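Note that this is a predicted model, so its numbers are computed, not measured. As a basis for the values below, the full set of heavy atoms in this structure was taken, side chains included, without hydrogen atoms, waters or symmetry mates.
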Amino acid sequence: MFLIADFSGIIRKINPQWQTVLGYATAEMEGRPFMQFVHPDDWPKTREAMRILSEHHPMTDFVNRYRHLDGAYRWIEWSCIPKDGLIYAAARDITERKQAEEHLRLASSVYQNSSEAMVVADPEHKILSVNPAFSTITGYGQDEVVGKHPRLLDSGKHDAEFYQNVWLQLGRTGYWQGEIQIRHKNGETYVQWLTLNNVYDDDGRVIRRVALFYDITEKKKTEEQIWFQANYDPLTNLPNRRLFADRLQHEIRKAKREKQYLVLFFLDLDRFKEVNDTFGHRMGDALLVDAAKRIRGCIRETDTVARLGGDEFTVIVSELADVGDVDRIAQAVVDVLSQPYFFDNRHVYVSASIGIAVYPSDAEDAEDLVRYADQAMYAAKNKGRNGFCYFTPSMQEASQKRMLILTDLHSAIPRGELEVYYQPILNLQTGAIYKAEALIRWRHPQRGLINPAEFIPIAEEHGLIRDIGEWVFCQVASQLKTLQAEQQTRFQISVNVSPLQFQGLDNCLAHWPVYLEKHGVSQDNVIIEITEGLLLEANDKVAEQLLHFARNNMQIAIDDFGTGYSSLSYLKKFDIDYLKVDKSFIFHLAADSDDLALTKAIVIMAHQLGLKVIAEGVETELQRQLLLEMGCDYVQGYLIAKPMPADQFAAFLQAAR
């Protein structure tokens, strides 16, 4: 929820989420003093918060209560920034969390009589008290554990990531529940059902941590044995036909919901019957076990390999936004299964035929998908075995198209088919154009201009993006030298850098500052554009490379800001210079739109952090005017100019001068 108020306490602007939380229509809150909605008991601390804000100090994690339309009160947590005589505030409803805290306080009064083990600890996890049931379940008396860390119960069965996730969720939501294995005082391990809760004070600080658990060891053993027998193949330990059917239905529903592809492989071992007839079922079973392991090694942990019976296997490959990896996976399975098997001092050779069906292209229900994949498998056998076949021509055509693009892309640079286009970036305050973004285009001799969205993912997938990125950088450096001479002023060009260009044993980006200097181009003429995702997953190598750019006066811009996992932490950690607001925020920009408030908030936040803001996708004069009024620094889009080749761009700048 967002709110804008003045320092007299009058609500100037709210977004629609307030009506969902408090029940009032927008008109019932805007223009009224917000103290009318605050619980009387919270007036003193709210006035104190206003005093702090009036001294131009931002506030976070401030909590008070607001009256709902029905007369009840909701707990609201605030983060506020004073700016230009107004207070910009983001808020969230934490009523349920407050109620949970009260429930914990009530529960603590009866925990001595509970049959469940209970532990009360301080915020640093030091045990303060345990109930009698704790001693019964763990074997430890209260005097043996008070003052100690709960890790004395650690069974060693859980890795560090497990505990990190537990504490992460507990810190984020105040609650965690699940199974955990603990060590009894006698050294034995038991499975417990554990519930963890934080207890907070009125200021939202953790004052206690409460754990409740009870023993479910025998119940788990029985349930797991029954479930495993019902759902897994006893020979290979792969899911059986029943579990496969359940997972396929589940993955189809998920693919439909998330609008993704799902691929089903139907696999049959070639000449497996000959192995059984020649060497016996014992060796045949050993071969099936080995084959199952090989298939499993070719796919992701999130995918499913199942044995339907005999020598028939299926593979569910889910969560595919693009089907380009299907050929690679299928070929990997074919290759690994054709390798020799070694049993009883002899080599055995089989191969595999795979049929492939795709949801939703080929079928939209599980039964048809299995049937079509089975038919495609027989088509693969008819083609000579040891290979794979798609059920319909649509996937085959897509695969062939990708292969043609990949083949032609290998020779696109030597043939001079790639071009760098430039899109001007306007300084809103001065109206001058001294920046532009470099954008790659591929002019194919037969297919014409190919959209980067078609060939860039393929280039990244097959390792061509580094050569392409290097070529673009060199072209930009050359063009910059020309621009410097023609414009007689400092000109900057942004170069998009793929996350894959930061990978590899050799640091292919490290020489860029040296290259610019060698070719007579000032290093601060180049802005490196990266995605938010690169910073979220940044390792030491990425961090060092970004620092290397900064040390050499090459600025950094975050592209498409606001569409991913935006975080203030990486803006502080890395030396970022620009935020590029994604065009999805700009497209519907209007005087009374939520996008206006969000964009304004981004601009204010960026300026508070000393960053400049570039708005992408500006197409109308109204958008430009609104961005100017909110203090945005630069705009880029069709209102200024479309991307254009280097010669047209030079002419455009000349005309602009």
Side-chain angles (χ1 to χ4, degrees), residues 1-15 17-18 21-22 29-67 73-95 97-98 101 123 171-172 174 198 200-207 429 558 561-562 566-579 581 594 596-613 629-633:
M1 302 181 294
F2 296 93
L3 178 146
I4 301 174
D6 58 29
F7 284 107
S8 65
I10 303 300
I11 298 173
R12 293 286 191 86
K13 190 72 176 176
I14 61 172
N15 65 349
Q17 280 71 24
W18 282 96
V21 174
L22 296 182
M29 294 188 69
E30 291 183 347
R32 296 177 63 185
F34 59 74
M35 292 297 286
Q36 292 184 6
F37 302 95
V38 176
H39 193 290
D41 291 348
D42 294 338
W43 287 353
K45 68 176 183 179
T46 303
R47 291 193 181 100
E48 175 62 16
M50 286 293 293
R51 185 191 65 77
I52 294 172
L53 288 169
S54 68
E55 295 175 354
H56 305 290
H57 298 300
M59 293 193 67
T60 59
D61 302 326
F62 175 73
V63 177
N64 61 6
R65 288 165 288 182
Y66 265 53
R67 186 181 68 252
Y73 281 87
R74 309 290 293 180
W75 288 93
I76 306 297
E77 184 177 65
W78 299 87
S79 294
C80 307
I81 297 176
K83 178 72 175 178
D84 299 331
L86 295 174
I87 300 171
Y88 295 86
R92 61 173 179 156
D93 183 0
I94 61 168
T95 305
R97 190 185 81 187
K98 286 289 187 178
E101 295 168 6
R172 186 172 61 245
N198 285 338
Y200 301 88
D201 63 15
D202 291 337
D203 294 323
R205 293 174 298 192
V206 177
I207 57 173
Q429 309 305 318
I558 305 296
F561 184 81
S566 304
S567 170
L568 295 180
S569 62
Y570 67 64
L571 297 180
K572 296 177 182 178
K573 180 179 179 181
F574 299 95
D575 194 3
I576 307 302
D577 301 283
Y578 298 90
L579 298 184
V581 181
D594 290 342
L596 180 67
L598 291 171
T599 305
K600 185 181 295 185
I602 292 174
V603 171
I604 293 172
M605 176 201 69
H607 288 172
Q608 288 285 335
L609 296 173
L611 311 181
K612 298 292 187 181
V613 179
E629 291 172 358
M630 72 175 67
C632 182
D633 303 289

Any donor-acceptor N or O pair under 3.5 Å, side chains Asn64, Trp75: no

Verdict with reasoning, Arg51 to Glu48, per salt bridge (Lys or Arg N to Asp or Glu O under 4.0 Å): CA-CA 5 Å; Arg51 185 191 65 77; Glu48 175 62 16; 2.5 Å; yes

Contact check, side chains of Met35 and Trp43, non-hydrogen atoms, under 4.5 Å: yes

Verdict with reasoning, Lys612 to Asp577, per side-chain contact (heavy atoms from CB on, under 4.5 Å): CA-CA 6 Å; Lys612 298 292 187 181; Asp577 301 283; over 6 Å; no

Counterpart residues, salt bridge (Lys or Arg N to Asp or Glu O under 4.0 Å), relative to Asp41 (two or more places apart): none

Contacts of type ring pair (Phe, Tyr, Trp, His ring centres under 6.0 Å), residue Tyr88, not counting sequence neighbours: none

Test log, rule ring-ring contact (aromatic ring centres under 6.0 Å, His included), inputs Trp18 and Phe37: CA-CA 12 Å; Trp18 282 96; Phe37 302 95; 8.9 Å; no

Contact check, side chains of Thr46 and Phe62, non-hydrogen atoms, under 4.5 Å: yes

Backbone N/O of Val63 and side chain of Lys45: donor-acceptor pair under 3.5 Å: yes

Donor-acceptor contact present, side-chain Arg67 to main-chain Gln36, <3.5 Å: yes

Worked verdict on Met50 versus Ile87 for side-chain contact (heavy atoms from CB on, under 4.5 Å): CA-CA 9 Å; Met50 286 293 293; Ile87 300 171; 3.7 Å; yes

side-chain contact (heavy atoms from CB on, under 4.5 Å) between His56 and Lys83, worked out: CA-CA 8 Å; His56 305 290; Lys83 178 72 175 178; over 6 Å; no

Any donor-acceptor pair under 3.5 Å from Glu30 side chain to Ile14 backbone: yes

Sequence-distant partners of Tyr200, ring pair (Phe, Tyr, Trp, His ring centres under 6.0 Å), two or more places apart: none

Audit row: Arg12, Asp6, salt bridge (Lys or Arg N to Asp or Glu O under 4.0 Å) steps and yes/no: CA-CA 7 Å; Arg12 293 286 191 86; Asp6 58 29; 3.3 Å; yes

Whether over 12 other heavy atoms sit under 6.0 Å from Asp202 CG: no

Side-chain donor/acceptor of Asn198 to backbone N/O of Val206, under 3.5 Å: no

Criterion side-chain contact (heavy atoms from CB on, under 4.5 Å) against His607, the qualifying member of Ile604, Val603, Leu611: Val603

Point-to-point distance, once rounded to the nearest 0.5 Å, from CD1 of Ile4 to SG of Cys80: 12.0 Å

